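Reminder, nothing fancy here: chain letters follow the sequence lines and each chain counts from 1. All of these numbers come straight from a predicted model, not from anything done at the bench.
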2 protein chains.
Amino acid sequence: MKTAITPTRAENFSEWYQNLIVAADLAENAPVRGCMTIKPYGWAIWELMRDEMDRRIKSHGVQNANFPLLIPIEFFNKEAQHVDGFAKESAVVTHHRLKMIDGKLQPDPESKLTEPYIIRPTSETIIGEAMSRWIHSYRDLPMKLNQWVNVMRWEMRPRMFLRTSEFNWQEGHNVFATHEEANADARKMHKMYGDYMRDILAIPSIMGEKTPEERFAGADHTYTLEHIMQDGKALQAGTSHDLGQHFSKSFGIQFLGTDGKLQHAWTTSWGTTTRMMGSMFMVHSDDDGLVLPPAVAPYQVVIIPITREDTADALNEYAEKLGEQLRGVGVRVLVDTTDMRAPDKMWKWIKRGVPLRVEIGAREMESGDVTITRRDLGRESKRTIKTEELVASVNDIMRQIHDDMVTRVEKRNHDMIHDVADLAALESALANGEIGFFRIKYELTQCEQFDGLMEKYKITRRCLDDNNPEYVFVAKSY
Amino acid sequence: MKTAITPTRAENFSEWYQNLIVAADLAENAPVRGCMTIKPYGWAIWELMRDEMDRRIKSHGVQNANFPLLIPIEFFNKEAQHVDGFAKESAVVTHHRLKMIDGKLQPDPESKLTEPYIIRPTSETIIGEAMSRWIHSYRDLPMKLNQWVNVMRWEMRPRMFLRTSEFNWQEGHNVFATHEEANADARKMHKMYGDYMRDILAIPSIMGEKTPEERFAGADHTYTLEHIMQDGKALQAGTSHDLGQHFSKSFGIQFLGTDGKLQHAWTTSWGTTTRMMGSMFMVHSDDDGLVLPPAVAPYQVVIIPITREDTADALNEYAEKLGEQLRGVGVRVLVDTTDMRAPDKMWKWIKRGVPLRVEIGAREMESGDVTITRRDLGRESKRTIKTEELVASVNDIMRQIHDDMVTRVEKRNHDMIHDVADLAALESALANGEIGFFRIKYELTQCEQFDGLMEKYKITRRCLDDNNPEYVFVAKSY
């Protein structure tokens, strides 16, 4: 059977993914090393994702702010551990003017900065410095700040949405009077992310704590959300860190306690990025293109009038009216009245993952019927219903699509998690080409033999099992 | 009379402005040259401004996208005129890695880029390059794109919100098949900005075309929105450019016309920035602090319970209930139940410009009254009304505040625009310290004598008079 995307997932998953991005017109590689341009359809998805995440973040009492793009290099000198983890592969600004030299624009040597700046790879340092001035007493706590910004980490092997030098994210930075509150907050934001990913992106996450080897540079605890891709690889979709007093000590975030004593505060940070989009695209899509969960689909319904020359005007008008009715019940609708051929329109919107397709021909217009097809189920789900029934049930259909998507991923996740009793069993599974997450006793991974397996099979520890933290999940990853 | 902000506007307008920003807790200078940190209260105002602007932009059929932060230096080599106008004072990225050398983090010499990148000062070039690949035929036109991003232009004399090295903005870039459409679009977006500034920011703009001397580098026509500050200086709050075929020729944006011929497209660009915030703060605020138009006030109403120890709980609860009622009619309300003293709360929210203050004491709770004070009118507007009346009329009060703010600025603008018959009259007005905009025949400014006045009095041509383009407005400016 011919598929809209070639190669198929089974033939070559990673090439399928690249072609999916192109076919759905989501993004393209930019003429800047490692960076991408997010095209209007891709950005519309991100806006929906971002706005809902922002709403949830604010409902936790967090306020948005905006810190500078550039960070003085001296801030990283204070933070050796953080630098090792993050800042080394960074874009460095060394000049502030261009000059025409030998007929070519070049950095003006006279504009060389005494101290270079780094384009933020993350903002713990510059936000820490600000908080050290903003926080004085326990009355100022908790302080909960977030920003939606672009960050840069120089990537040698970029992949669109998954790993790009520049990416967009939200980074939350909270400060508390006690470690207990900070840790509870890190866990609460972790849970918030998990709920969001299930409720909005239709992705059930594997949630747990990172092992010490995989923690964020400078964190006491890192809580992660791992998604399982259709090829069995892991993708880290978000993290929440309990930073202890690490940053408060580096940057002097101190407060006068209720006891009148000056003490260091306890901080957390938590972030999610445009990478979530990559996960969502890889988790749900199929060989015909994108499959979008209704909550973040720019168009939840596309109406395609199957016109003949003599009926086009009446049919288009009828379709527009149905579109208005559906908008009236709160659904995002596109009525495609462009002059493309109907099958071309159909494939265009299949590839772009619109959850529900509605087709109307002249005969259907007369009988008051429409033909609907769910994107997630494909052509087998095609059926004809009355237009009134569609209007009455469209929100239920959206909910059903969402729930079915969650259930399918849940089942697949379940099938892709394998218990292995020891390293020999792990190696044999990997050697046999088994895909997915392998659950093994964490202490068994504390040896050179496991290090050898990591190297040989490109696996890493993803996180401890929340249900039994003596166990760890290991997997290949994006 | 003691004022909350010292010095007052009359004493020292520019110091008053700096202190206003601090007193209202809007922003602070960042530890990065020329940059600022926008604090939560300031950012909340921007989010309201941005979301409403975004809604209006989208209603014009524009789609958002996201282009890279960095621009290859070669893109500017193509654009000599643009570079002169813009790109020279730019942040230049020359390395992509840090290394510890002599115990200090430094750009790793081995990571030096063959071709440096510029942090975008504006994105005409990189968007032009993309559009040259995305546009093929007349069917792809018009193409209307916008992005909300941060940009950088190295500033030697920064002022918060008015002129900072990094700032946030929206930049729209539209492409058309004919010059007529492009020019109409540039004017349409210009008008959209004017409506927005009046309807949302309560600022009537002086709208007109820039003179050739003041045009955007590479534009055929630049349409500007000039605001008159309380000290009579001009602030350019937004611009819309008809770029002709300048960028389409530099970047090869061509399309097959309906006539089957390949031709260059016609482009526009239009932008507004966080600078609008600076304008809004300077136009409306007074010697007691910020005065915010209701449409962009994070809290439109603040309720302050005037508690005594024995009545605090009941009164706070009563105030919260009133808050809920007001939220129920669509108003953003803060009920300040913190343990500050009531007069301190009052001054805090006066300085932050909350449009309506509601005070409730124990006696008022019993009689069902509240005392309300409009921020824009001050203590003379204080009156006691029934709580039901407040709930019923609060939206009308908001509208009235907005309308009164517009009217006041309109009147002030009118008083600050002076007709001058010739250069002698202009010089005499300037020498006498008259403030405001001076309207003079444009042709009279085409001489060395005028150049001398520009130099001596730091005045510039702001724009041609839309009602009679033979005349030009000249003024000092921010």
Side-chain angles (χ1 to χ4, degrees), chain A residues 28 30-33 35-44 46-47 63-77 83 87-100 104-108 111 116-119 126 129-130 134 145 147 149-150 152 154 165-166 168, chain B residues 28 30-33 35-44 46-47 63-77 83 87-100 104-108 111 116-119 126 129-130 134 145 147 149-150 152 154 165-166 168:
Chain A
E28 65 177 28
V32 179
R33 209 197 133 66
C35 295
M36 66 175 170
T37 297
I38 304 183
K39 298 178 82 172
Y41 193 63
W43 192 255
W46 176 243
E47 286 188 348
Q63 294 183 296
N64 286 344
N66 192 252
F67 292 86
L69 171 71
L70 300 183
I71 300 184
I73 201 165
E74 57 173 311
F75 282 36
F76 291 102
N77 267 318
V83 167
K88 277 196 174 151
E89 296 296 335
S90 288
V92 191
V93 174
T94 56
H95 295 72
H96 67 78
R97 193 186 309 127
L98 295 177
K99 196 178 176 182
M100 198 63 83
K104 219 186 136 198
L105 273 179
Q106 297 182 34
D108 181 351
S111 75
Y117 290 108
I118 316 305
I119 297 181
I126 200 155
E129 190 276 335
W134 297 352
L145 298 180
Q147 65 174 357
V149 293
N150 51 346
M152 276 204 104
W154 215 259
S165 291
E166 182 190 5
N168 286 275
Chain B
E28 65 177 28
V32 178
R33 208 196 134 65
C35 296
M36 67 175 170
T37 297
I38 304 183
K39 299 179 82 172
Y41 193 64
W43 193 253
W46 177 243
E47 286 188 349
Q63 294 184 295
N64 286 343
N66 192 251
F67 292 85
L69 171 72
L70 300 183
I71 299 185
I73 201 166
E74 57 173 308
F75 281 37
F76 290 102
N77 267 316
V83 166
K88 277 196 173 152
E89 296 296 336
S90 287
V92 191
V93 175
T94 55
H95 294 73
H96 67 78
R97 194 186 308 126
L98 295 177
K99 197 178 173 179
M100 197 63 83
K104 215 183 141 203
L105 274 179
Q106 298 182 35
D108 181 351
S111 75
Y117 290 107
I118 316 305
I119 297 181
I126 201 154
E129 190 276 335
W134 296 353
L145 299 180
Q147 65 174 356
V149 294
N150 50 348
M152 276 201 104
W154 215 259
S165 291
E166 183 190 5
N168 286 274

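For A/Asn64, the parts sitting under 4.5 Å from any heavy atom of chain B are the backbone and the side chain alike. With a 4.5 angstrom heavy-atom cutoff, B/Gln147 does not touch chain A via any of its atoms. For a residue to count as touching a neighbouring chain, one of its non-hydrogen atoms must lie under 4.5 Å from one of that chain's; by this rule B/Pro116 touches chain A with the side chain only. Only the side chain of B/Phe75 comes within less than 4.5 Å of a heavy atom of chain A; its backbone N, CA, C and O stay farther away. Neither the backbone nor the side chain of A/Asp108 has a heavy atom closer than 4.5 Å to any heavy atom of chain B. The part of A/Trp134 that comes within reach of chain B is its side chain, from C-beta onward, which places non-hydrogen atoms under 4.5 angstrom from that chain. Using a 4.5 Å cut-off between heavy atoms, B/Lys104 touches chain A through backbone and side chain atoms alike. For a residue to count as touching a neighbouring chain, one of its non-hydrogen atoms must lie under 4.5 Å from one of that chain's; by this rule A/Met36 touches chain B with the backbone only.
No other option in A/Ser165, A/Ala91, A/Pro68 has as many heavy-atom pairs under 4.5 Å with chain B as A/Pro68. For the set B/Trp46, B/Tyr117, B/Phe67, the count of heavy-atom pairs under 4.5 angstrom toward chain A peaks at B/Tyr117. Looking only at heavy-atom pairs under 4.5 Å with chain A, the residue among B/Asn168, B/Thr37, B/Ile119 that has the most is B/Thr37. For the set A/Met152, A/Lys99, A/Glu129, A/Glu28, the count of heavy-atom pairs under 4.5 angstrom toward chain B peaks at A/Glu28. The candidate from B/Pro31, B/Pro72, B/Ala130 with the greatest count of non-hydrogen atom pairs under 4.5 Å with chain A is B/Pro31.
The nearest pair of heavy atoms linking B/Ala65 to A/Ile38 is CB-O, 3.4 Å. For A/Arg97 against B/Val92, the heavy-atom pair with the smallest separation is O-CG2, 4.0 Å. Pairing each heavy atom of A/Glu166 with each of B/Leu69, the nearest pair is OE1-N, 2.9 Å.
The closest side-chain heavy-atom distance from B/Trp43 to A/Gln63 is not below 4.5 Å. The shortest side-chain heavy-atom distance between B/Val149 and A/Asn150 does not fall under the 4.5 Å cut-off. The side-chain heavy atoms of B/Pro107 and A/Thr94, taken from C-beta on, include a pair separated by under 4.5 Å.
Taking the side chain to side chain contact (heavy atoms under 4.5 Å, CB included) definition, one finds that A/Ala44 meets it with A/Pro298, sequence neighbours left out.
Note that CG of B/Leu98 and CD of A/Glu89 are 9.0 Å apart. Values are rounded to the nearest 0.5 Å.
Taking the six-membered ring for Trp and thresholds of 30 and 60 degrees, A/His96 and B/Trp154 have nearly parallel ring planes, at less than 30 degrees apart.
Judged by distance alone, with hydrogens and angles left aside, the side-chain atoms of B/Asn77 form a donor-acceptor pair with the main-chain N or O of A/Leu105 at under 3.5 Å.
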